[in-house]
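Working notes for the structure below.
Labels below follow one simple rule: chain letters A, B, ... track the order of the sequence lines, proteins then strands, and each chain is numbered from 1. FYI, side chains are in, hydrogens and waters are out, and symmetry mates aren't considered; it's all heavy atoms of this structure.
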Protein chains: 2
Amino acid sequence: MVETEAAAPTRRDRKKQQTRAALMAAALRLVDERGLDHVTVEDISEAADVSPRTFFNYFATKDDALLGGPLPHGPSMHDRLLAVPSGVALVPALLEAISADIAEIQDQRDFWLLRLRVIKDNPSLVSMLVARGECAEAETIVAVAARTGLPADDLFPQLAATLTGAAFRTAMMRWATAGDGRDLLDLVREAFAVLAEGLARSAPPAPTHDATPAPTHEKVLR
Amino acid sequence: MVETEAAAPTRRDRKKQQTRAALMAAALRLVDERGLDHVTVEDISEAADVSPRTFFNYFATKDDALLGGPLPHGPSMHDRLLAVPSGVALVPALLEAISADIAEIQDQRDFWLLRLRVIKDNPSLVSMLVARGECAEAETIVAVAARTGLPADDLFPQLAATLTGAAFRTAMMRWATAGDGRDLLDLVREAFAVLAEGLARSAPPAPTHDATPAPTHEKVLR
DNA sequence: GTAAAAGTTTGCAGCGGCTGCAAGTACGGC
DNA sequence: GCCGTACTTGCAGCCGCTGCAAACTTTTAC
């Protein structure tokens, strides 16, 4: 319902947007209540007051209605990453490139918390989330290759892209799951710090027999 | 009483194993030839000479026949990781824990190359590969938490698990894709070195405009 | 050796996801 | 008001997948 942008959308466009939002909302609500397997496309479309056939005019898949909104990493990861001044190191540049997405998620906090809860409760959706990220990862590979001067089929750019995606996803899930009210941006920063510095330097120094939960060595970024 | 499969499997078990293998082989071959969407369960079961209904006695899903074999990370990631002496640092321990899987993959080289090619050519399968890895990741989280003394709901163990999975997957895909005959173990080692040392130390030092593709060796982390 | 038990395969009926096609209906421009 | 365009809808149909019950096969027990 919320129209952030409205240059000059005709009434038709408004209705479309409305229908789309209604379908997504209905899908999220119903699946949250009953679980993915106990909600049919018919249920969703009925709740949104359109025909089942119309559902598939908006989403290719039932799952799409749950993840299919304007996704983070949407427009062009490639361009955004290359837009960061080349003096900036790789990881900060990656962080910068996704910062817009993070902000958007924080903006629609409740919506995303619901969405992520639904994803967490229905594991088959997690893989779809990954799949979504992958098109962005393909662009990231190219951009990282360009920034580093490595060939795109080298292991490093591919690693950088997949690891970045995994770190971002982990931070998001952690954000959505934990009770503490930690900032998403904060969590992403922490995750990216580990990415940059490596697991070896980010873990507590292997407490051989020590039972004390060593202080998280992450002061590096707090 | 448990293992020693080849020792005393009844005739029935042998036939089952045979059927299972036939179905997997048929599925891989047909999908490799025609693409996932142009192969039906009926095609597969016909090629394996069983009824379509029987297919679903063996695999829950069409995709399962493509990924569903004995998967790496199979038995218990948790136990394997904790079996590594606690003196060993985290990343080498993780590497050690999956080394058996790597060896097995190398053993069945051709089979896995086919499987990974099929996965690469049918993107929807990639996400399923991730999903498979996730049950292993859950165990990894617990084990890493135990090793580091951190609580299991801390960001770090979760990051370590997902990043490890991502790094392993990336190395596998790279192994299957590249023409060079690089060892899988070698690639995984390189990927894990990046994991341990971090992207910041593993990337070439941000060549502002340098065109020379710096050597890729993991020795970069001096 | 035979009969019961246990396990497997198969056909059948049916739901639900998803698609192409061919109306029907609302909208926007004129 | 009229027309072209865009969106909606119903319909027919394929395919993935499941439960059920009737064969059929192997194993076990007597």
Side-chain angles (χ1 to χ4, degrees), chain A residues 3 6-28 30-31 33-68 118 122-125 127-128 131, chain B residues 1 5 7-28 30-31 33-68 118 122-125 127-128 131:
Chain A
E3 295 296 340
T10 158
R11 179 217 237 84
R12 213 177 242 163
D13 292 333
R14 258 176 288 138
K15 278 213 145 191
K16 267 193 85 167
Q17 200 60 25
Q18 220 170 301
T19 303
R20 188 182 183 81
L23 283 170
M24 282 182 18
L28 277 173
L30 291 175
V31 172
E33 287 170 9
R34 303 189 216 159
L36 185 58
D37 317 327
H38 300 94
V39 175
T40 70
V41 169
E42 197 179 347
D43 295 334
I44 299 171
S45 37
E46 185 159 339
D49 199 36
V50 294
S51 90
R53 186 61 186 84
T54 297
F55 177 94
F56 290 106
N57 288 339
Y58 283 86
F59 303 102
T61 296
K62 185 169 79 164
D63 310 319
D64 249 34
L66 299 166
L67 307 175
V118 165
N122 299 275
S124 73
L125 293 175
S127 18
M128 304 223 48
Chain B
M1 59 172 178
E5 323 244 341
T10 158
R11 150 118 108 278
R12 215 177 240 165
D13 293 333
R14 258 175 287 137
K15 275 213 144 190
K16 269 193 87 166
Q17 200 60 26
Q18 222 170 300
T19 304
R20 187 180 183 83
L23 282 170
M24 282 183 17
L28 277 173
L30 290 176
V31 172
E33 286 171 9
R34 304 188 216 158
L36 186 58
D37 317 328
H38 300 93
V39 176
T40 72
V41 169
E42 197 179 346
D43 295 334
I44 298 171
S45 37
E46 186 159 338
D49 199 35
V50 293
S51 91
R53 186 63 185 83
T54 297
F55 177 93
F56 290 106
N57 288 339
Y58 284 85
F59 303 101
T61 297
K62 187 170 78 165
D63 310 319
D64 248 35
L66 300 166
L67 306 175
V118 165
N122 298 275
S124 73
L125 293 176
S127 18
M128 306 224 46

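Residue B:Leu36 holds its CG atom at 11.5 Å from CG of B:Leu30, rounded to the nearest 0.5 Å.
Nucleic acid contact for B:Tyr58: sugar-phosphate only, since backbone atoms but no base atoms lie under 4.0 Å from a heavy atom of the residue. Across all strands shown, B:Lys16 has heavy atoms under 4.0 Å from sugar-phosphate atoms exclusively, and none from any base. Among the protein residues, A:Arg53 comes within range of the nucleic acid bases, having at least one heavy atom under 4.0 Å from a base atom.
Checking the phosphate oxygens (OP1, OP2) of C:dT10, a side-chain nitrogen or oxygen of B:Thr54 falls inside 4.0 Å.
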A:Val41/A:Phe59 under side-chain contact (heavy atoms from CB on, under 4.5 Å): CA gap, chis, key distance, verdict: CA-CA 11 Å; A:Val41 169; A:Phe59 303 102; over 6 Å; no

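Rounded to an integer number of Å, the gap from B:Asp37 CG to C:dC18 P is 13 Å. Separating the CZ atom of A:Arg34 from the P atom of C:dG16 is a distance of 11 Å, rounded to the nearest angstrom. Rounding to whole angstrom units, CD of residue A:Gln18 and P of D:dT8 are separated by 12 Å. The CZ atom of B:Phe55 sits 16 Å away from the P atom of C:dG11 (whole-angstrom rounding). Between B:Leu66 atom CG and D:dG16 atom P the separation is 12 Å, expressed in whole Å. Straight-line distance from the CG atom of A:Asp49 to the P atom of D:dT8: 12 Å, rounded to whole Å. Atom CG of A:Asp43 and atom P of C:dG16 are 8 Å apart (whole Å).
Projected onto DNA chain D by closest heavy-atom contact, B:Lys15 and B:Leu36 fall at different nucleotides, the more 5' of which corresponds to B:Leu36. If A:Arg12 and B:Thr61 are placed on DNA chain D by their nearest nucleotide, the residue sitting closer to the 5' end is A:Arg12.
B:Glu33 has its side chain out of reach of B:Val39: every pair of non-hydrogen atoms, C-beta onward, lies at least 4.5 Å apart.
Of the candidates D:dC17, C:dC27, D:dT27, C:dC27 carries the atom nearest the A:Arg11 side chain, counting heavy atoms from C-beta on. If you check D:dT26, C:dG11, C:dT19 against the side chain of A:Phe56, the one that comes closest is C:dT19.
A donor atom on one side chain and an acceptor atom on the other are found under 3.5 Å apart for B:Asp43 and B:Thr40.
Proximity of a side-chain donor or acceptor of B:Thr61 to a complementary backbone N or O of B:Asp64 within less than 3.5 Å is not detected.
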